[in-house]
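Below is one structure, written out as structure tokens; the observations come after it.
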Amino acid sequence: MTVKIDGAKLKLRDVARVARPNGNGRFEKAVLDPQARERIAATRAYIDQHWMHDDAPLMYAFNTGVGLFKDQRVLIADMAAYQKKSVYAHATGIGEPFSEDVTRAMMLLRANAFASNYSGPRVELVERLIAFLNAGLHPVIPQKGSVGASGDLAPLAHMAGAVCGFAEAEMVYKGRRLPAREAIAKAGFDPDFELGAKDASALINGSTASLALGALATADARRLLKQADIAMCLSLEAMRGELAAFDPRLHRARPHHGQLRIARNLLRILEGSTRCSQAARDVIFPDEVRQPGAKASPRVQDVYSLRCTPQVHGPAVEALEYVERIISTEMNSATDNPLIFDDGKGGYESISGGHFHGQYVAQAMDILAIAMTDLGSISERRLARLVDPTMSYGLPRNLLAGKRGLNTGFATVQCSMSALVMENRGLSMPGSVDSIPGKSNAEDHVSNSTWCGRKARTIVENVEQIVACELLMAAQALSLVAPIAKDYAIGKGSQAAFDAIRAVIQPALDGDRWYATEMAQALDLVRSGAVVTAVEDAVGTLE
């Protein structure tokens, strides 16, 4: 299915579909809405007819310099050179390049901003950007160097230089990193492309690198929330926890909608469970310190990482709802400067403003980072309990299958996940409160949105792995006690999730195991959504 861009209706799922290959290894194509194309062309025709002469009033970035040179006229005779020099002047990015999906999202989002018809670029520029995206021409864009105000100038300048075929720019095409001009020619396009007035400013203004990071991180976080609920349920079943903490009456007494939603999800997944019962707890597990025939002490209530799941997962749900609203609005906004408006008299006017400032995205990414860090933290606490029989009510130490001493079990998997939690805690320190003035104080307050987006994306990736390992380890725990607990069923949703994960753990249960392989396979299950699909097929749609 083609994703039509018109500057108003682009969705998070559309960005992900264009930015990442589908199950067949293909990217969805993007196309400019015909009506949006007509509007862009009409606006540009007016600009070329009425503003492109040396007697026109000074209009920022059209016929003036930028920054502190805003009052310096640029002559029409110098316009082509000025556009090129603007890109060169801002192509100061450093560090490793963005990944392919971020680069593709940047290209799509910049084109969609143009489609809103407030930026005034030439139609040819918008169509070239979309054509390159569809052809798989991916500019090499360094990750570092933007402060997220006056736009993501450095990364977008590298994108612009590649799209325009500058000799120094590079592109990745069909898996090869090439000089941009060579890649463009191989793809069947003309490497030479001259920028018109304001085209350079339109390309490099706007915090679109930040937005691309934010859109993808937000989409991934949304997919992860249900997985965290499922992982918790498997852990609860493995440790024979209690269900009273999820009673609807309890949550109506503190009616935060995220908390209510999580409690409903947990009860749906756990429906039909007899493993979470006193009778099941009376079964003596392999490493449980209890005399044969002795009954288990009443559980009464579980530890916080189990009992307080609705109160911890719930705020993450509500935080993500806010983030999605901010990112979705930003995706369908014009974010460069100045913007062009119909004056209602048959013409247009140019108005300078500050829509390039990335503070909305920066703060949203900091909120996402904090929420996802805590989601990963509580997941790690649950999987840590699984490896310790004194905290898991007798599950085999380290979830070990095989000869003790010769084999070690999952202890170091837990250790690796704790490393990710600690990394996330450092990365979740807000970046949106930091600002260093730039450009001789012309930009005296900046958003730091690109860094906020980069670290939020890393945190989400780390939490994906943590939740994947909780799923993996809880499934291992359930496998190890299956023979002695067979009379006590796990919930319908838990069983569906366990069956989906069993293929990952079964081949290595009794032999040597390369844990990194299982961890990667579990991560693939999380990213594919296969576990959620299996659970929802069994119990209905989770909220």
Side-chain angles (χ1 to χ4, degrees), residues 12 213-214 216-236 241 245-246 251 256-266 269 302-324 327 363-386 413-414 416-430 452-453 455-474 497 519 522-523 525-527 529 531-532 535 542-543:
L12 276 168
L213 290 160
L216 295 173
T218 302
D220 291 342
R222 168 57 63 193
R223 183 187 63 228
L224 189 55
L225 289 176
K226 292 180 181 180
Q227 316 258 10
D229 292 350
I230 294 167
M232 181 273 171
C233 289
L234 290 185
S235 293
L236 187 79
F246 317 127
H251 293 282
H256 292 292
H257 79 265
Q259 177 180 317
L260 286 161
R261 171 176 159 180
I262 298 301
R264 289 192 294 267
N265 276 349
L266 300 181
I269 297 164
D302 284 315
V303 296
Y304 290 4
S305 60
L306 300 174
R307 179 171 28 127
C308 297
T309 298
Q311 292 84 354
V312 177
H313 288 200
V317 167
E318 297 192 44
L320 186 59
E321 289 172 351
Y322 167 77
V323 171
E324 285 177 329
I327 296 299
Q363 289 185 2
M365 287 300 97
D366 277 346
I367 289 169
L368 181 66
I370 291 167
M372 299 309 293
T373 291
D374 200 41
L375 194 73
S377 179
I378 196 171
S379 177
E380 187 276 334
R381 285 296 81 200
R382 291 191 294 259
L383 66 83
R385 300 189 78 83
L386 292 171
V413 176
Q414 182 271 323
S416 293
M417 296 308 99
S418 70
L420 296 185
V421 169
M422 289 187 285
E423 180 177 302
N424 285 354
R425 287 171 181 167
L427 290 172
S428 64
M429 177 67 68
C452 295
K455 64 192 184 65
R457 177 176 163 92
T458 299
I459 288 169
V460 171
E461 290 173 345
N462 286 346
V463 178
E464 285 179 322
Q465 184 66 77
I466 295 166
V467 170
C469 282
E470 184 183 0
L471 288 166
L472 176 68
M473 293 169 67
M519 291 161 65
L523 181 61
L525 282 177
V526 166
R527 288 180 170 168
V531 177
V532 173
V535 171
L542 301 177
E543 297 183 54

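- Put simply, the side chain of N265 gets close to the backbone of E543: a donor and an acceptor are under 3.5 Å apart.
- To the nearest 0.5 angstrom, L368 atom CG is 5.0 Å from M365 atom CE.
- Within the 4.5 Å cutoff, side-chain heavy atoms of I269 are placed close to those of I230.
- Side chains of L224 and V526 form a contact here, defined as non-hydrogen atoms less than 4.5 Å apart.
- Nearest heavy atom pair, residue A369 against residue S428, reads O-CB, 4.0 Å.
- Residues H251 and A263 share a closest heavy-atom pair of CD2-CB, 3.5 Å.
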Please determine whether side-chain contact (heavy atoms from CB on, under 4.5 Å) holds for the pair M372 and E461, giving the CA-CA distance in whole Å, both sets of side-chain angles, and the decisive distance to 0.1 Å. CA-CA 10 Å; M372 299 309 293; E461 290 173 345; over 6 Å; no

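- Residue H313 holds its NE2 atom at 11.0 Å from SG of C308, rounded to the nearest 0.5 Å.
- Distance CD/Q465 to CG/L523: 4.5 Å, rounded to 0.5 Å.
- A heavy-atom distance below 4.5 Å is found between the side chains of C233 and L266.
- Of the listed residues (T373, D374, N462, T458), just one forms a side-chain hydrogen bond (donor to acceptor under 3.5 Å, both in side chains) with N424, and that residue is N462.
- Environment of OH in Y322: crowded, with over 12 heavy atoms of neighbouring residues, nucleotides or ligands closer than 6.0 Å.
- When M232, H256, Q259 are each tested for a side-chain contact (heavy atoms from CB on, under 4.5 Å) with P310, only one passes: Q259.
- Closest approach of L234 and A474 over heavy atoms only: CB-CB, 3.5 Å.
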Please test E470 against R382 for salt bridge (charged side-chain N to carboxylate O under 4.0 Å, His left out), starting from the C-alpha separation and ending with a verdict. CA-CA 7 Å; E470 184 183 0; R382 291 191 294 259; 2.7 Å; yes

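- A heavy-atom distance below 4.5 Å is not found between the side chains of T309 and L236.
- A 4.5 Å side-chain heavy-atom check between I459 and V463 finds at least one atom pair inside the cut-off.
- E318 places a side-chain N or O within donor-acceptor distance of the main-chain N or O of G258, the cut-off being under 3.5 Å.
- Without hydrogens or angle criteria, S379 side chain to L375 main chain gives no donor-acceptor distance under 3.5 Å.
- Atom-to-atom distance recorded for R381:CZ and Y304:OH is 15.0 Å, nearest 0.5 angstrom.
- Residues V535 and A497 share a closest heavy-atom pair of CG2-CB, 3.7 Å.
- Taking CZ of R264 as the start and CZ of F246 as the end, the distance is 14.5 Å to the nearest 0.5 Å.
- Nearest heavy atom pair, residue A319 against residue I367, reads CB-CG2, 3.9 Å.
- Using a 4.5 Å heavy-atom threshold, the side chains of M417 and V421 count as separate.
- Looking at every heavy atom in both residues, D366 comes nearest to C452 through OD1-SG, 3.6 Å.
- Counting only heavy atoms from C-beta outward, the side chains of L225 and L320 approach each other to under 4.5 Å.
- The salt bridge (Lys or Arg N to Asp or Glu O under 4.0 Å) pairs that include a residue from residues 218-235 are R20-D220, D220-R223, R222-E324, R223-E464, K226-E536, where partners are two or more places apart or lie in different chains.
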For a side-chain contact (heavy atoms from CB on, under 4.5 Å) check, start with the C-alpha distance between L383 and I466, then their side-chain angles and the critical distance, and finish with the verdict. CA-CA 9 Å; L383 66 83; I466 295 166; 4.3 Å; yes

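- Between atom CG of residue L306 and atom CD1 of residue I378 there is a gap of 8.0 Å, rounded to the nearest 0.5 Å.
- Put simply, the side chain of M519 does not reach to within 4.5 Å of the side chain of M473, judged on heavy atoms.
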